[in-house]
Amino acid sequence: MPIFSENLSILTMSILIFGKNGWIGGKLIALLQEQGRVIGKDLFLAENRMQNREAVAAELDEIKPTHVLNAAGVTGRPNVDWCEDNKAETVRANVIGTLNLSDLCDERGIHCTVFATGCIFEYDEAHKLGSGVGFTEEDEANFDKSWYSKTKGMVEQMLKVYEHTLVLRVRMPISDDLSPRNFITKIMKYDNIVNVPNSMTVLHELLPASLVMAEKRLTGIYNFCNPGVISHNEMLDLYIKHIDPTYTYTNFSLEDQDKILKAGRSNNELECSKLVDALPECTINEIHVACDLVFQRMKENLTADGTYPDKLFKRANR
């Protein structure tokens with residue numbers, strides 16, 4: 001993994017994380033501890049919800065961090081359909097909370113990294129599926145078929161006014177394990193899957209890169225995913241190749257998928273050259289290469305924890 005650059009500024013950095021109990025937040029905490037940071041010394045875990053403005057302000061003033069990492073918010077359990085039935089709660093966390101935190105950080109000159117989403121676009125006439133033309137950081141959201149994506153698209157526009165905020169558009173995040181939050185694990189458990197190429201975020205490569213971006217105090221919007229697109233079928237074929245040759249899957253159409261979901265799903269390609277160009281010191285592989293490496297690491301991890309080869313997920317109807 002890439003590490004912080006050899007710069008004296010790292011010695012004076014202190015980091016406050018919001019979302020300590022979340023999947024991304026937990027991975028950030030572990031990564032920072034691996035890099036030598038100590039909780040309570042130069043790494044702090046926020047205790048307050050972002051929508052509680054006075055409490056967050058007091059916490060910032062007490063800790064006085066140089067950097068805030070915002071990995072909080074709601075995505076819904078088991079999926080974003082939850083947000084359709086909990087619209088007010090979604091707004092409190094993903095809109096009010098996010099804006100509160102960036103606003104308070106901006107007032108204090110604190111750099112704030114927001115782990116946002118790239119699921120605010122869908123293929124259109126100017127960005128056709130298979131064309132290789134991806135949405136850039138200058139493009140505004142064109143997908144609002146889910147309440148989750150609609151709120152995320154709106155708040156991204158508002159975050160642009162804050163000069164100390166870095167917005168990272170994460171897409172379909174992938175990890176080296178079978179966490180229930182891992183995009184691989186999610187689609188493995190579906191009875192049927194659509195086969196659409198998408199931009200995706202390999203966390204092993206990009207979470208360390210996010211810390212380098214924070215150290216550099218980069219701001220604005222970045223498409224935070226690996227270059228290129230990979231389809232659901234290609235992803236599961238890699239799982240079969242590296243992990244479980246007995247696994248099988250069945251496809252269905254986007255129209256059939258829409259019939260069983262409360263909200264639509266975003267499918268898109270994001271252009272990543274701005275990200276890659278900003279981080280020459282980091283390894284950000286093309287998505288097929290990155291995913292092949294994911295499954296190689298996954299096999300090692302599953303072997304080490306005793307899951308591989310006999311305790312893998314088995315579909316009941318196989």
Side-chain angles (χ1 to χ4, degrees), residues 1-74 93 97-116 159 162-168 170 173 175-177 179 181 201-219 222 224 278-279 281-283 297 301 304-305:
M1 288 187 180
I3 59 174
F4 287 119
S5 62
E6 295 178 1
N7 187 314
L8 290 178
S9 66
I10 188 65
L11 301 177
T12 60
M13 285 177 63
S14 62
I15 298 174
L16 174 62
I17 293 182
F18 282 78
K20 64 179 180 179
N21 296 321
W23 184 46
I24 299 292
K27 287 187 174 296
L28 287 168
I29 293 167
L31 179 58
L32 286 162
Q33 288 180 309
E34 288 173 11
Q35 295 182 345
R37 293 192 172 274
V38 178
I39 293 177
K41 181 181 178 181
D42 53 7
L43 174 61
F44 302 88
L45 311 181
E47 297 295 335
N48 295 287
R49 292 184 179 275
M50 299 184 298
Q51 54 264 46
N52 298 334
R53 185 177 178 88
E54 292 78 10
V56 171
E59 193 164 24
L60 290 172
D61 291 339
E62 178 184 355
I63 295 171
K64 294 181 171 58
T66 60
H67 293 72
V68 164
L69 303 179
N70 175 7
V74 296
T98 298
L99 291 174
N100 261 340
L101 183 55
S102 282
D103 187 59
L104 290 167
C105 286
D106 206 64
E107 289 179 342
R108 292 159 175 78
I110 299 169
H111 186 273
C112 181
T113 301
V114 179
F115 290 87
L159 289 172
Y162 296 117
E163 63 181 21
H164 297 286
T165 291
L166 169 66
V167 178
L168 302 179
V170 178
S175 60
D176 300 349
D177 52 31
S179 162
R181 307 300 285 175
T201 302
V202 173
L203 296 178
H204 180 87
E205 296 183 5
L206 290 178
L207 282 189
S210 72
L211 302 181
V212 176
M213 298 175 82
E215 182 203 350
K216 289 184 169 185
R217 299 186 72 90
L218 299 180
T219 58
Y222 283 80
F224 196 62
L279 298 170
E281 67 271 58
C282 296
T283 299
R297 292 189 298 268
N301 294 338
D305 70 19

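The OG atom of S210 sits 4.5 Å away from the CZ atom of F224 when rounded to the nearest 0.5 Å. Here the CG atom belonging to L45 is positioned 8.0 Å from the CG atom belonging to L16, to the nearest 0.5 angstrom. A distance of 11.5 Å separates CD in Q33 from CG in L28, rounded to the nearest 0.5 Å. With rounding to the nearest 0.5 Å, the separation of OH in Y222 from OG1 in T113 is 11.0 Å. Taking CD1 of I110 as the start and OG1 of T66 as the end, the distance is 8.5 Å to the nearest 0.5 Å. I15 contributes atom CD1, which lies 4.0 Å from atom CZ of R37 (distance to the nearest 0.5 angstrom).
Counting heavy atoms of neighbouring residues, nucleotides and ligands inside a 6.0 Å radius, atom CZ of R49 does not exceed 12 of them.
For the residue pair D177/S179, the side-chain donor-acceptor check at 3.5 Å is not satisfied.
Using a 4.5 Å heavy-atom cutoff, the side chains of E47 and K20 are in contact. In this structure, D42 and M13 have side chains that are not in contact, with every pair of non-hydrogen atoms separated by 4.5 Å or more. Two residues are said to be in side-chain contact when any heavy atoms from C-beta on lie closer than 4.5 Å; L211 and L69 meet this criterion. Side chains of T165 and C105 form no contact here, defined as non-hydrogen atoms less than 4.5 Å apart. Two residues are said to be in side-chain contact when any heavy atoms from C-beta on lie closer than 4.5 Å; P65 and F44 fail this criterion. Residues L207 and I24 form a side-chain contact, since some pair of their non-hydrogen atoms from C-beta on lies under 4.5 Å apart. V114 is not listed as a side-chain neighbour of Y162, based on a closest heavy-atom distance of 4.5 Å or more.
When every heavy atom of H67 is checked against every heavy atom of A214, the shortest pair comes out as NE2-O, 2.9 Å. Contact record, A46 with E59: CA-OE2, 3.3 Å, taken as the closest heavy-atom pair. Nearest heavy atoms, L101 versus M50: CD2-SD, 3.7 Å. Nearest heavy-atom pair across A93 and G73 is CB-CA, 4.2 Å.
Under the 3.5 Å distance criterion, the side-chain polar atoms of N70 are left unmatched by any main-chain donor or acceptor of F18. Remark: side-chain polar atoms of N100 are not paired, donor with acceptor, to backbone N or O of N52 under 3.5 angstrom. A donor-acceptor pair under 3.5 Å is absent between the side-chain atoms of H204 and the main chain of D176, judged by distance alone. One N or O on the side chain of K216 and one on the backbone of A278 form a donor-acceptor pair closer than 3.5 Å.
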Q: For side chain to side chain contact (heavy atoms under 4.5 Å, CB included), just list the numbers for I39 and I29, CA-CA rounded to whole Å, side-chain angles, deciding distance to a tenth of an Å, and then say yes or no.
A: CA-CA 9 Å; I39 293 177; I29 293 167; 4.3 Å; yes
